[in-house]
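What follows is a single structure, written as structure tokens, with notes after it.
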Amino acid sequence: MRLSSMADYAVVIMSAAARHCGGARVAAGQLAEETGLPVPTVQKLVSKLTAAGLMRSSRGVGGGLKLARPPAAITLADIVEAVEGPIALTACLGENKSDCTLEGCCNVRGHWPVVNAALRGALAQVPLTQLAEDV
């Protein structure tokens, strides 16, 4: 499994925002500058992260972006799902189920929910505070 570029960038953006946590709001342009991402990409992802309840955005003087909850209460799973949707390793378990030619005879399909739960559980064990630390 590999994260999409957009999910990866969302993690980078949220990590940068977490480093500002407790301070003044930060502008999308500033996050773009700090992360090296193009402003339109940051704006697109901030929109998704805001819609998922991970960030808050306000306009005007003193406006900008802020985490919607403390970094310790946001996980890698939250961020990935904000961009990618529910974590599902196979198409047969995703929201947009496809017609699988093996569906009638597949003997592992019933095991995928356990695998998906294990993967989501692992991602949920990584808090944003850990991702925001310098390595």
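Computation of the quantities below employed the complete heavy-atom set of this structure, encompassing side-chain atoms and omitting hydrogens, waters and symmetry-equivalent molecules. All residue numbers in this chain count up from 1 along the given sequence.
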Nearest heavy-atom neighbours spanning A27 and L65: C-CD1, 4.3 Å

So, taking the atom named CG in L3 and the one named CD in E84, what distance separates them when rounded to the nearest 0.5 Å? 7.0 Å

Minimum heavy-atom separation for V39 and G29, please, with both atom names. CG2-CA, 4.3 Å

Distance (rounded to the nearest 0.5 Å) between C106 SG and H111 NE2: 9.0 Å

Side-chain donor/acceptor pairs under 3.5 Å, residues 44-53, sequence neighbours excluded:
unit_1, atom_1, unit_2, atom_2, d
T50, OG1, V46, O, 2.7

Check A132 against R19 and note the closest heavy-atom contact, atom names and distance. O-NH1, 3.3 Å

So how far is it from M6 CE to L37 CG, rounded to the nearest 0.5 Å? 9.0 Å

Test side chain to side chain contact (heavy atoms under 4.5 Å, CB included) applied to L54 and L128, I74, L67, the passing residue: I74

Closest approach of A124 and A77, non-hydrogen atoms and distance? N-CB, 3.7 Å

I'd like a table of donor-acceptor pairs (distance under 3.5 Å, sequence neighbours excluded) in which one partner is a side-chain atom from residues 55-64, with atom names and distances.
unit_1, atom_1, unit_2, atom_2, d
S58, OG, R25, NE, 3.3

How close do L123 and T75 get, heavy atom to heavy atom, and via which atoms? O-CB, 4.0 Å

So CD of Q43 and CG of L31: to nearest 0.5 Å the spacing works out to 10.5 Å

Heavy atoms of A28 and V42 approach each other most closely as O-CG1, 3.7 Å

Please collect all salt bridge (charged side-chain N to carboxylate O under 4.0 Å, His left out) contacts where either partner lies in residues 117-133, sequence neighbours excluded, each pair once. D78-R120, E81-R120

Do V115 and V108 sit in the same hydrophobic cluster, where Ile, Leu, Val, Met, Phe, Trp and Tyr count as joined when their side-chain heavy atoms come under 4.5 Å apart? yes

